[in-house]
Structure formats: C-alpha cells, structure tokens
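Please read the structure below before turning to the comments.
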Protein chains: 2
Amino acid sequence: MKITYKSDYALKTILDLAAHFGNGPVAINDLSQRLDIPTKFLEQILLDLKRAGFVESRRGKVGGYSLGRHPGKITLGEVTRFIAGPVEPIACVDKKYSGCQDIGKCVFRDVWEEVNRSASRIIDNVTFEDLLKKSKKMNKAFTYQI
Amino acid sequence: MKITYKSDYALKTILDLAAHFGNGPVAINDLSQRLDIPTKFLEQILLDLKRAGFVESRRGKVGGYSLGRHPGKITLGEVTRFIAGPVEPIACVDKKYSGCQDIGKCVFRDVWEEVNRSASRIIDNVTFEDLLKKSKKMNKAFTYQI
DNA sequence: ATAATCTCTATTATATTAGTAGAGTATACC
DNA sequence: GGTATACTCTACTAATATAATAGAGATTAT
Ligand code: FES
Ligand code: FES
C-alpha cells in the first residue's frame, strides 16, 4: 500500500463524489478545481475508478461522474487496495520477485501477512459514508471555532 | 513502509548477521554470496545500517560486519522504519506534500494513523532473535520433510 | 610491504510516478 | 441537424526514485 499522489487524488475524489451522491453527475472540471488536481491526470484516475466500478459516468452536456454505489457500500479498503496496491510489502506478492525463492521458508512473510490482516481489519471497516460524516463534523467544528 | 529490494536486502542481512552473532565479523563478500545480493549495493546498505547503529564494522584482514546489539534487542520495527520509512502513507508525513493543507481537517489521517499504530504494535514486538529461532525451526522442519 | 577488507563519492541504468497532449465519441439542447 | 459540452482513449514527456556499478581511498593482520 503506497499512498502516492494518484492514490491520494483518487480517495479525495471518491469522497467528493460521496458528498454529491444523489445529486446527479459532477463534471471533471468541477472536481479538478475543487480538489486542486490536474484535470488531465484526474481524467485518467476517473477512468480507472470507472473500470473498477467505483464510479459511473455520463457523457455530453450535463454529463459527469457519480458514485457507482451508495457511499455506505464502498469501503476505504476496497478503493485503497485497487488504487494503491495491497497492504503487504510488494516483495511478497510480486511474482517476478525471486528473493524469497522458497516462500515457505521466509520468516518475514508471516509478519507481513499479520500486518496486512491487521491493516485490512481497519480499512475494510471504514466506508466513505463514515468518512463523509466525519468530514462534515470536522468542518462544522472548524467553523464554530472561528 | 515500502519493502523495496534495498529493504529486503537489509532485513535479510541483519538476520544473517544475527545468525552469526558472537562469532566475529562476517565479510561483505560472504554476505553477498550467501544472500545473493550485488556486492557493491550491499556495501552501501551496510554503511547505512552502520550509521544507524544496527551493525558494527571492522576493517582490514579478518574484518567484516557484526551486529551492533544482541539480536533480541533489535526489533523488526526499528530496522523496517529506518530502511523502509514509516508505516503510514507518505502523503501524511511528507513535508513537501500540500494535498492536505489543513491537516486537522483531513478525514483520512486518523485512519492511516490507526493503521500505523496497529502495524507498529506487530513489528515492534518481533525481534531478530525471534525471527532467527523461527528460521531455524523452519529449516529443521523442511529437512525432516525430505 | 601487501593482501584483504571496509569507506566514501560519483555515476549510470532502469522503473515508477506525475503530468501533458490531442484526436475521438456521446449527449443535450436549440 | 449543428454545436457546445463533457467524457474516452492512446501516446508521449518529464521528473523522481530505485537499483546497480565504478573506482579511488583508508585501515588492519600478518
Ligand atoms: S519478504 Fe515476502 S516472502 Fe520473503
Ligand atoms: S492523507 Fe494524510 S493528512 Fe490527508
């Protein structure tokens, strides 16, 4: 799991779409401006997310993107794994990697798998609905503070 | 935490040195042959590990590297964090990153921190002595199997 | 002395990530 | 139908990170 710019952009995009869920499609331009993401880069990310079924799209005028499922049915884990790869270290899952020839003999593998399970337990239990609620709460608290 | 080739090499090197702990220094050439790591690359890794205090070195004839501390006093967490960076996603810890301006408002941060804590709990409780014991057990089991 | 072995800095090669470009396709609306 | 709008797709470039290599220099046992 490597949260690169692409991963970060993807997660924030899904969160934004979650905030607009039910209100019709959101245009790439709106997203890219609001989230400060290069438009052309976001295009590609959205196409990836679409192929994975996280978002749906509609072309032409009044076109744009919308969430493919209810925010409560999309977990952070799903999206993260799709866009940022598995939580466990790449070496263990990379087929080309030959450092641990006899994989049953690698003492590190068990530990990484435990790390993986423990991280999965967390991120698989957070939905974008949860994150959205939290975000609204945070914004409110922030506003009142001023 | 990104287990690259370098990280992988480093962890295996420490484990090998743990296996030879107390028997005097091990030469880079021995390590590089046994672990199948490019010698010159391993040189650099060992220098890094030395600067961090994980290993000690001795030059000249009968020179080589040895563990700086008892294998039971070196945790997988320490070495991993040093060589592979923090467990949490880079965005959150990268100072140059400006995607989450108002860091108190980022809804993802809490989750990544929880992932981080949970992973740390695991890898900070595994020492190289533990890994070494496990490795010996595995090799024995493997031998008997044949 | 000298052979063995670590030390340090620089350089190169390869892979990944980030971003850009542009032509193409669908849709609403007049 | 024409046209503006917005998604689709493939290719390309730039920047950065990773992996590896090269070579001169310093230390130590014998
Ligand atoms: S480090 Fe993953 S199998 Fe050895
Ligand atoms: S993703 Fe780390 S602070 Fe927002």
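Each chain gets a letter, A, B and so on, in the order its sequence line appears, and its residues count up from 1. Note that the coordinates shown come from a computational prediction; the quantities given were computed from them, not determined experimentally.
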base_contact_polar (D:dT28 base, B:R59 side chain, donor-acceptor, <3.5 Å): no
Distance check: side-chain N/O of [X] vs OP1/OP2 of [N], anything under 4.0 Å?
{"X": "A:K50", "N": "D:dT8", "result": "yes"}
{"X": "A:R51", "N": "D:dC9", "result": "yes"}
{"X": "A:T4", "N": "C:dA18", "result": "yes"}
{"X": "B:Y9", "N": "D:dA20", "result": "yes"}
{"X": "A:Y5", "N": "D:dA17", "result": "no"}

From CD (A:E43) to OH (A:Y65), nearest 0.5 Å: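 Nearest 0.5 Å value for the CD-OH distance: 7.5 Å.
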Distance-only donor-acceptor check, side chains A:S120 and A:R81, under 3.5 Å: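 Side-chain D/A pair, A:S120 to A:R81: present.
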Atom [atom1] of [X] and atom [atom2] of [N]: how far apart are they, to the nearest Å?
{"X": "A:I45", "N": "C:dT20", "atom1": "CD1", "atom2": "C1'", "value": "14 Å"}
{"X": "B:K40", "N": "C:dC8", "atom1": "NZ", "atom2": "P", "value": "13 Å"}
{"X": "A:L47", "N": "C:dG24", "atom1": "CG", "atom2": "C1'", "value": "13 Å"}
{"X": "B:Q44", "N": "D:dT21", "atom1": "CD", "atom2": "C1'", "value": "9 Å"}
{"X": "A:E43", "N": "D:dA6", "atom1": "CD", "atom2": "P", "value": "12 Å"}
{"X": "B:Q33", "N": "C:dT5", "atom1": "CD", "atom2": "C1'", "value": "15 Å"}
{"X": "A:D48", "N": "C:dA18", "atom1": "CG", "atom2": "C1'", "value": "14 Å"}
{"X": "B:R58", "N": "D:dT28", "atom1": "CZ", "atom2": "C1'", "value": "7 Å"}

Sugar-phosphate, base or nothing in reach of A:L46, heavy atoms under 4.0 Å: nothing
Note: B:D8-B:K12 ion pair, threshold 4.0 Å (strictly below): yes
Within residues 18-34 of chain B or reaching into it, pairs that qualify as salt bridge (charged side-chain N to carboxylate O under 4.0 Å, His left out) - sequence neighbours excluded: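 Listed once each, the pairs are B:D16-B:R34.
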Heavy-atom side-chain contact between A:L131 and A:I14 under 4.5 Å: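 Of all side-chain heavy-atom pairs linking A:I14 with A:L131, none is under 4.5 Å.
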Nearest-neighbour nucleotide for the B:K61 side chain, C:dA4, D:dA20, D:dC9 considered: C:dA4
Side chain of B:S57 - closest among C:dG19, D:dT8, C:dT7: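 That would be C:dT7.
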Closest-nucleotide ordering on DNA chain D, the 5'-leading residue of A:G64 and B:G60: A:G64
